[in-house]
Colleague: 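My questions will all concern the structure given below.
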Amino acid sequence: MSDSEKPTLLVVDGHSLAFRAFYALPVDSFVNRDGQHTNAIHGFLSMLILLLQNEKPTHLAVAFDISRYSFRTREYAEYKGTRGETPPEFVGQVPLLEEALKAMGVQTLSKEDFEADDILATLATRGAAEGFNVLVVSGDRDTIQLVQPGVTLLYPNARGVSELKRYDRDAVVERYGIEPEQYPDIAALVGETSDNLIGVDKVGEKTAVKWLKQYGSLDGILEHADEITGVVGQNLRDQKDRAIRNRRLNRLVTDVELPVGPADLARRPIDERAVRDVFDKLQFKTLLERVLKIAAAERGDAPAAVADTPTGHDIPVIHTMIDEELAKWIRTQSADGTKPLGLRVATQGGEVTGFGLASLSETAFVPWAAGRPDYAALEAWLASDAPKYLYGSKAQLKALASAGIPLGGIAFDTVLGAWLLRPGAKPESLESQVYDYLGETLQVSDPNQLVPENEGASPATEAWYVLRIAEYLADKLDAGSRSVLDDIELPLVPVLAGMERTGITVNSGILGDLTSQLGQTAAEVASRAFAEIGREINLGSPKQLQEVLFDQLGMPKTRSNKTGFSTDAASLADLQEQNPHPFLDLLLQHRDATKLMQIIASIDKAVDATGRVHTTYEQAGSATGRIASNDPNLQNVPIKTEIGRRIRSAFEPSPGFETLLTADYSQIEMRIMAHLSGDPGLIEAFNEGEDLHRFVGARIFSVAPEDVTPTMRTKVKAMSYGLAYGLSAFGLSKQLRIETSEAKELMADYFARFGAVRDYLRDVVEQAKVDGYTTTIFGRRRPFGDLHSSNRVLRENAQRQALNSPIQGSAADIIKRAMLTIAADIDGMESRMLLQVHDELVFEVAPGELDALTEIVRHRMGTAADLTVPLEVQVGTGPNWDAAAH
DNA sequence: ATTGCTACGTA
DNA sequence: CGTACGTAGCAATA
């Protein structure tokens with residue numbers, strides 16, 4: 001069999017190549033959003049991808065050292081002893097690299113007490129014997145000894161890992177003048193600095209090769225040591241033990257016991273889903289594309305992949321029909337409304353243009369023209385509770401509602417299903433879901449082309465994909481997540497859709513006045529700021545600010561960030577303390593004014609012809625279960641400052657409504673902490689009904705509640721809230737601008753009185769480490785991958801997130817449950833729910849309904865969860881959002 | 001034009 | 001060295 005027909009086995013030394021990559025690529029250019037360095041991973045993977053493309057290995061493995069200790073260090077403690085501490089930026093990259101390799105279907109091997117090179121040696125030797133074309137990739141010169149017929153070494157050059165030099169037998173002879181198997185003899189004589197193996201003094205490569213040619217082997221040289229003259233000869237005689245020891249240590253072991261042999265290393269399919277996850281985490285966009293390209297090519301080429309595709313998954317023929325025929329089709333395919341159908345609403349410019357319906361075996365397209373009688377059966381099915389599976393049901397529901405078509409029976413939404421499985425991931429397009437979950441390709445028309453070259457798939461086909469994705473996802477959901485989907489998220493879809501469609505009335509006049517006022521302030525402040533520094537700069541440019549503050553004004557450096565030194569508000573406050581300057585204060589004022597102008601502008605430009613603003617709630621937008629709001633974001637409307645409150649005062653009841661009503665949970669997260677921890681002190685605090693921070697302050701400072709000073713209360717409040725976020729003593733001291741020691745004492749005193757809280761917070765993380773996820777009171781899960789990470793930053797970030805998630809997530813569950821019952825209760829009323837701001841709901845109240853609404857809201861919010869502490873609800877009313885707050 | 005980063009508004 | 005978001009402008013990339 002010729003070489004090209006032989007299977008190719010590629011074996012890689014993971015550590016040595018990763019390390020080479022680490023030093024070849026700039027550390028600072030490869031940092032992901034979590035602060036994890038990724039240069040070694042990037043370099044390694046980009047090399048591996050090249051190898052996959054160029055060498056097309058049929059079999060593949062990457063070997064890693066388990067630790068820096070092996071049988072060699074036991075034999076010679078100083079082995080590799082010159083290697084200093086692993087650079088901190090390298091730490092943590094190997095586990096991530098292994099994760100990426102796993103996703104790419106690459107097997108990784110390691111063996112206690114052996115080095116990766118021994119694994120390579122074993123596999124190479126066996127592979128060559130078993131008829132493989134073996135490629136060894138290593139940055140360790142000792143692997144030269146492995147080169148033989150059928151085994152080629154790929155060795156990185158000085159420039160890094162992007163170029164590998166190919167050493168077959170001839171190349172070794174050409175480079176070193178000796179046969180590959182003689183190389184260890186040379187190395188034994190010369191020594192290997194990187195392994196801390198000292199050679200015979202004055203013996204370099206030239207001398208060693210000369211001797212070797214003369215005497216054939218190290219043993220031969222030593223036998224004839226007496227014949228060698230001069231200082232070198234004496235050195236050889238004196239130091240022959242070194243050479244013998246070196247030779248013993250640099251011999252690679254070719255019979256390491258491994259769980260797999262070369263034949264077991266056949267390439268495995270690339271797990272595209274997992275690859276996306278890992279590469280997304282690493283922020284490797286280009287590499288991801290390259291891997292997916294390889295995956296696609298391999299999927300297309302491999303006969304096995306074709307056989308894997310179930311025959312039932314050919315896209316069903318699309319029936320286009322209306323009227324009686326359609327009615328019959330729906331009845332049959334949905335088994336009289338008992339079986340779910342995939343549903344896709346086609347729209348063009350906001351108008352409904354058609355419907356795609358699908359069972360697993362058949363699909364139908366229904367063109368739509370408003371007001372025709374032919375669609376009675378379809379409309380009846382749409383409005384009914386007959387189960388429908390959708391992608392992005394809220395948007396579809398809104399489109400239908402705009403067309404006057406009621407929709408009921410939303411039984412699955414693939415966006416929500418995918419989110420509950422992986423709440424940290426951003427919602428995907430339908431096309432991506434098809435690709436990620438089914439491994440198939442959805443045709444989409446090119447939005448950039450006026451007359452698209454590729455026609456998009458029919459809504460009917462899309463509906464079919466939606467149905468299949470839904471079934472796939474449903475199968476993956478655990479019972480808790482499923483109940484969150486069925487009992488909270490899906491019922492919430494029409495509620496949120498209604499709130500979005502209603503919108504909230506905004507008084508543009510008020511916003512306009514504020515903008516001009518703020519604009520004036522900003523301009524005045526800016527010119528005064530320019531006067532202070534004697535020149536005009538862009539105050540919005542952190543770069544120019546850095547020049548002014550640190551170069552021109554010579555201020556002390558603040559904490560550093562990726563573009564230099566921070567100029568954020570906290571840093572500026574620090575500067576003001578150390579190095580007072582009028583410019584600092586003017587800058588802050590300018591920031592303040594322009595920020596508010598921006599927020600006003602984002603709201604104002606969203607006001608529609610009827611004076612209302614319609615936000616869009618992103619139901620699958622947060623990792624904890626919260627709802628996000630965008631376009632415009634109505635969950636970050638200012639409130640803390642006077643001007644901020646004036647922005648809120650622009651939100652008014654619509655014409656015909658009496659007043660706005662706001663209802664918010666008081667300290668819901670602390671109450672959830674009390675419930676989940678079962679801390680008797682905290683529970684008592686809430687049951688007493690006294691001011692929480694005063695109560696806690698009295699306990700901590702051992703004073704009577706009435707003697708808790710405002711300073712004490714501020715400290716307690718900051719700590720209580722901080723606890724739920726995993727705040728450290730250091731962070732607390734920063735925030736309160738107190739000594740770290742005082743912050744430590746404060747926390748110690750807190751936990752002395754409320755010990756169950758500390759136990760709970762600790763246990764949450766411990767449990768999450770075991771389970772790999774956290775759970776809210778109502779069963780919502782959030783998975784965590786980094787709780788065991790060897791990278792401290794990643795690990796501690798994950799731990800804080802894990803500690804916070806059940807608290808924030810349970811609060812999200814609770815207000816959502818309240819929204820559902822309230823929506824049901826006010827269904828027959830004129831009053832409407834308008835906004836949700838995490839722990840607050842905003843309503844507009846129809847004349848005569850205030851008392852009834854207040855009662856409903858109080859009752860439903862107060863009983864949305866059964867906790868060991870009461871859920872306190874504060875209700876306020878007023879002619880605008882600010883006035884309605886309390 | 002798109003993307004990353006900084007900064008900052010809310011709960 | 002405190003969680004969860006969205007938006008905006010700047011500056012560097014394409």
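Here is how names work: the chains are called A, B, and so on, in the same order as the sequence lines, proteins then strands, and each is numbered from 1. No experiment lies behind these values; they were computed from the predicted model shown.
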Colleague: Go through the side-chain N and O atoms of A/Q36 and A/N32 and say whether any donor and acceptor fall under 3.5 Å apart.
Modeller: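 No.
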Colleague: Heavy atoms only, 4.0 Å cut-off, all strands: where does A/Q808 land among base, sugar-phosphate and nothing?
Modeller: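 It contacts base atoms.
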Colleague: Just wondering, do A/I647 and A/V637 contact through their side chains at under 4.5 Å, heavy atoms?
Modeller: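 Yes, at least one pair of side-chain atoms sits under 4.5 Å.
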Colleague: Answer whether the closest heavy-atom distance between the side chains of A/F583 and A/L549 falls below 4.5 Å.
Modeller: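 Yes - at least one pair of side-chain heavy atoms lies under 4.5 Å apart.
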Colleague: Just call it for A/A623: base, sugar-phosphate, or nothing, with non-hydrogen atoms closer than 4.0 Å on any strand.
Modeller: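 Sugar-phosphate, backbone atoms only, no base.
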Colleague: Please classify the nucleic acid contact of A/I807 as base, sugar-phosphate, or nothing, using heavy-atom distances under 4.0 Å.
Modeller: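 Since no nucleic acid heavy atom lies under 4.0 Å of A/I807, the category is nothing.
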Colleague: Whole-Å distance between B/dC5 P and A/Q544 CD?
Modeller: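 Spelled out: CD on A/Q544 to P on B/dC5 is 20 Å.
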Colleague: Determine, using ring centers only, whether A/H590 and A/F530 are less than 6.0 Å apart.
Modeller: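 No, ring centres 6.0 Å or more apart.
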Colleague: Any base atoms under 4.0 Å from A/A812, or only sugar-phosphate, or nothing? Heavy atoms, all strands.
Modeller: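 A/A812: no heavy atom of the nucleic acid under 4.0 Å.
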Colleague: Provide, to the nearest angstrom, the distance between the CG atom belonging to A/D574 and the P atom belonging to B/dA7.
Modeller: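 In whole Å, B/dA7 P lies 13 Å from A/D574 CG.
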Colleague: Mind checking if A/K543 touches a base, just sugar-phosphate, or nothing, with heavy atoms under 4.0 Å?
Modeller: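 It contacts sugar-phosphate atoms only.
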Colleague: Would you call A/K715 and A/E745 a salt bridge, taking side-chain N to carboxylate O under 4.0 Å as the test?
Modeller: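 Answer for the salt bridge query: no.
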Colleague: Could you please name the partner base of C/dT13, counting Watson-Crick and G-U wobble pairs only when both distances are under 3.5 Å?
Modeller: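 Paired with B/dA1.
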Colleague: Under 4.0 Å from any heavy atom of chain A: name the first and the last nucleotide of DNA chain C that qualifies, 5' to 3'.
Modeller: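 With heavy atoms of chain A under 4.0 Å away, the range is C/dC1 to C/dA12.
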Colleague: Is it the case that the base of B/dC5 and the side chain of A/K562 share a donor-acceptor contact (distance under 3.5 Å, atom types as modelled)?
Modeller: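 Check fails, no donor-acceptor contact within cut-off.
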Colleague: So do the side chains of A/D277 and A/R422 get within less than 4.5 Å of each other, counting heavy atoms only?
Modeller: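 Counting from C-beta outward, A/D277 and A/R422 do come under 4.5 Å.
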Colleague: For A/R626, which contact category applies under a 4.0 Å heavy-atom criterion: base, sugar-phosphate, or nothing?
Modeller: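 The answer is base, as A/R626 lies within the cut-off (heavy atoms under 4.0 Å) of a base atom.
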Colleague: Could you please name the partner base of B/dC8, counting Watson-Crick and G-U wobble pairs only when both distances are under 3.5 Å?
Modeller: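 WC or wobble partner is C/dG6.
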